[in-house]
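Numbers for residues simply follow the sequence, beginning at 1.
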Amino acid sequence: MKRLTLIVCGLTAGIMQSSVQLIGSEPTNLSLAQTVAEAMKSSPRLYAQTHRANAASREAEAVSRSRYGELNATASYGYFNDDQILRPMSRELVSGGLATLPFDRSQAHYGLLYEVPLFLGGRLLNQVKIAGLEARKAEAIQDGTRWQIRFNAVSLYSAAQALDRVSTALGSQMAALEQTKARLQVAVAAGKRPELDRLKLLDELESTRAQLANVEADRTRVGALLLALLGRDPAGVLVVDPMSETPAALELSADDLHAGWGGNTTVHVAQLEKEQADYASKVARSAFLPRVTGSANYLEHTAFNIDRNLETWGVSIGVVFPVFSGTADVQRLRASRARFAAAEQAVVQAKLNVAAELQETLARLRASQAGIVAAEARVAAAAEAAQIEQVRYDTGAGIIEDLLRARAREESAHAALATATADRRTTAERLNTIVEKEIVK
């Protein structure tokens with residue numbers, strides 16, 4: 001039973017925790033198709049990733065629109081110890097002299113300022129492309145999250161089915177042991193069987209009862225995780241359909257599988273990060289090029305004591321040439337090139353990892369299908385052996401140890417079949433998750 005618990009834990013490994021939306025605790029009966037559909041629609045984790053993708057898209061749009069510059073309103077008020085000129089210069093100086101200039105100690109200045117980048121050495125253009133790639137990366141992660149949530153839903157649903165099946169087998173085992181116990185008590189009272197046989201049977205019966213309690217606890221845990229994945233109350237009761245014996249059908253050949261792993265989210269994200277690193281190198285190179293910006297302003301100048309309003313406007317273009325930065329720009333360029341080289345190797349490693357995972361999953365799928373065939377043979381053989389040992393013991397030709405061992409083997413065979421069937425479905429869904437396409441149904 002310890003082995004079964006470890007296998008069930010393995011079926012639920014990698015399940016991500018989700019936020020919970022309480023909707024009640026009434027029993028919920030879901031089919032596998034309904035579970036997958038609801039997980040893809042209502043999972044809080046998917047909602048969170050959707051919001052992240054939307055945020056990245058908005059951020060990319062914001063960076064792109066920064067090319068149009070900024071228009072700001074400005075206002076200031078100053079009160080000075082002595083009169084000061086209201087505006088920097090005035091044509092009145094030529095016509096009337098210094099005395100006619102607008103002087104005041106109480107002044108307000110307000111208006112509009114507009115600045116626009118004209119040439120930044122490619123910095124802004126490449127930053128726009130980096131932000132766009134970040135949005136694409138968030139969308140890719142969102143798609144990968146959908147497949148991961150689907151895998152989580154299928155693996156948890158399969159684990160629940162397996163535990164239900166094991167629980168049924170243990171219940172049947174307990175019923176058979178109870179019948180044997182009733183007959184044995186009569187035989188012990190008549191002196192046909194020793195008291196030791198009854199004690200051994202009681203020990204096996206209580207051991208089976210404890211195993212059933214552990215399985216029910218595991219079933220509650222798996223059901224709670226699945227309900228949480230769906231955004232439901234984990235305290236609810238989840239009822240799943242009986243496990244299907246239909247083998248998983250692989251619709252593509254191995255060559256098709258090898259050609260399809262390139263669409264994996266991990267590989268796609270690594271490729272996008274490589275492109276980002278390339279554009280980041282171009283951003284670093286832009287530090288060595290001049291920067292050109294344009295600006296325009298329109299200001300009103302108000303003097304409160306002399307009751308005058310004057311306006312000024314201006315248009316200018318500024319150019320900045322980088323001369324010396326203590327080699328900081330050189331070091332940043334080298335760092336960006338090193339990050340690009342790292343991103344290139346990350347793409348290679350991501351492809352190798354996905355290819356290795358694909359090989360492992362294909363092998364496990366074949367092994368799980370072979371395991372089901374073996375488990376079915378074990379169930380048939382163990383059931384027949386248990387019946388024979390029961391007859392032998394009831395007729396006095398067998399001993400209690402042989403009967404209990406036969407019952408234990410029958411119980412183990414049913415558990416192995418349930419686990420193998422769940423493992424086959426989980427492995428098939430993992431294959432779908434790797435290639436992010438439903439190739440195994």
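- Smallest separation of non-hydrogen atoms from R378 and R409: NH2-O, 4.4 Å.
- Using a distance-only test at 3.5 Å, with no hydrogens or angles considered, no donor-acceptor pair links the side chain of Y279 to the main chain of N126.
- Atom CD of E139 and atom CG of D143 lie 7.5 Å apart (nearest 0.5 Å).
- In this structure, D203 contributes its side chain and L199 its backbone to no donor-acceptor pair below 3.5 Å.
- Side-chain atoms of E410 do not come within 3.5 Å of backbone N or O of A383 as any donor-acceptor pair.
- Using a 4.5 Å cut-off on side-chain heavy atoms (C-beta onward), L201 and L177 make contact.
- Listed here is the closest heavy atom pair of L227 and G236: CD1-O, 3.4 Å.
- A donor-acceptor pair shorter than 3.5 Å can be found between the side chains of T180 and Q390.
- With salt bridges taken as basic N to acidic carboxylate O contacts below 4.0 Å, none links R424 and E429.
- Side-chain contact check for L71 versus L112: some heavy-atom pair is nearer than 4.5 Å.
- Summarising the local packing, CD of E206 is surrounded by more than 12 heavy atoms from other residues, nucleotides or ligands at distances under 6.0 Å.
- Formation of a donor-acceptor pair under 3.5 Å by the S336 side chain with backbone atoms of L333 is found in this model.
- E38 contributes atom CD, which lies 9.5 Å from atom CG of L229 (distance to the nearest 0.5 angstrom).
- Environment of CD in E344: crowded, with over 12 heavy atoms of neighbouring residues, nucleotides or ligands closer than 6.0 Å.
- I149 approaches S43 most closely through the heavy-atom pair CD1-OG, 3.4 Å.
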Inset, instruction - Check step by step if side-chain contact (heavy atoms from CB on, under 4.5 Å) holds for V154 and R425. - result: CA-CA 8 Å; V154 171; R425 178 179 291 129; 3.8 Å; yes
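- Checking side-chain atoms of S57 against main-chain N and O of A53 turns up no donor-acceptor pair under 3.5 Å.
- Checked for salt-bridge contact, K181 and E204 miss the test: no charged N lies under 4.0 Å from a carboxylate O.
- Of the possible polar contacts, one joining the S31 side chain to the Q34 backbone as a donor-acceptor pair under 3.5 Å is found.
- Shown here for E436 and N264, the closest heavy-atom pair between the two residues is OE2-C, 3.9 Å.
- Here T168 contributes atom OG1 and Q173 contributes atom CD; the two are 13.0 Å apart, rounded to the nearest 0.5 Å.
- Listed here is the closest heavy atom pair of L124 and S66: CD1-OG, 3.3 Å.
- In the displayed structure, R183 atom CZ is contacted under 6.0 Å by more than 12 heavy atoms of other residues, nucleotides or ligands.
- Counting heavy atoms of neighbouring residues, nucleotides and ligands inside a 6.0 Å radius, atom CD of E178 exceeds 12 of them.
- Stacking of R193 on the aromatic ring of Y393 is recorded, both the 6.0 Å distance cut-off and the 45° axial limit being met.
- Side-chain N/O atoms of T395 and R392 include no donor and acceptor closer than 3.5 Å.
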Inset, instruction - Applying side-chain hydrogen bond (donor to acceptor under 3.5 Å, both in side chains), run through N353 and Q349 and close with a yes or a no. - result: CA-CA 6 Å; N353 289 343; Q349 188 62 63; 2.9 Å; yes
Legend entry - Verdict with reasoning, R136 to L133, per side-chain contact (heavy atoms from CB on, under 4.5 Å): CA-CA 5 Å; R136 289 174 56 190; L133 289 170; 3.6 Å; yes
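- Side-chain atoms of S158 do not come within 3.5 Å of backbone N or O of S155 as any donor-acceptor pair.
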Inset, instruction - Could you go through the side-chain contact (heavy atoms from CB on, under 4.5 Å) check for L431 and T427 one step at a time? - result: CA-CA 6 Å; L431 190 60; T427 304; over 6 Å; no
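- Between the side chain of R67 and the backbone N or O of S64 there is at least one donor-acceptor pair closer than 3.5 Å.
- A salt bridge links E61 and R65; the closest N-O separation between the charged side-chain nitrogens and carboxylate oxygens is under 4.0 Å.
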Inset, instruction - Apply side-chain hydrogen bond (donor to acceptor under 3.5 Å, both in side chains) to the pair E300 and Y298, showing each step before the final yes or no. - result: CA-CA 7 Å; E300 288 281 344; Y298 177 84; 3.0 Å; yes
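- We find the CG-CG distance between L299 and L113 to be 6.0 Å, quoted to the nearest 0.5 Å.
- Using a 4.0 Å cut-off between charged nitrogen and carboxylate oxygen, E389 and R407 do not count as a salt-bridge pair.
- Atoms CG and CG, on L404 and D197 in that order, are 8.5 Å from each other to the nearest 0.5 Å.
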Inset, instruction - Given side-chain contact (heavy atoms from CB on, under 4.5 Å), test Y114 with N72 step by step and report yes or no. - result: CA-CA 6 Å; Y114 178 66; N72 297 308; over 6 Å; no
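- In this structure, the salt bridge (charged side-chain N to carboxylate O under 4.0 Å, His left out) partners of R405, at least two apart in sequence or on a different chain, are D402.
- Between V269 and A140, the closest heavy-atom pair is CG2-CB, 4.2 Å.
- Between atom CZ of residue R430 and atom CG of residue D423 there is a gap of 10.0 Å, rounded to the nearest 0.5 Å.
- Formation of a donor-acceptor pair under 3.5 Å by the E134 side chain with backbone atoms of A60 is not found in this model.
- Taking 4.5 Å as the limit, some side-chain heavy atom of L212 sits within range of a side-chain heavy atom of S167.
- Within a 6.0 Å sphere centred on CD of E275, heavy atoms belonging to other residues, nucleotides or ligands number more than 12.
- Environment of CZ in R123: crowded, with over 12 heavy atoms of neighbouring residues, nucleotides or ligands closer than 6.0 Å.
- Within the 4.5 Å cutoff, no side-chain heavy atoms of V166 are placed close to those of H414.
- Only one option out of L30, D164, N29 pairs with D241 in a side-chain contact (heavy atoms from CB on, under 4.5 Å); it is N29.
- Side-chain contact check for T293 versus E115: every heavy-atom pair is 4.5 Å or farther apart.
- Only one option out of R45, Q142, R146 pairs with T50 in a side-chain hydrogen bond (donor to acceptor under 3.5 Å, both in side chains); it is Q142.
- Of the possible donor and acceptor atoms, one in the side chain of S368 sits under 3.5 Å from a partner among the backbone N and O of L365.
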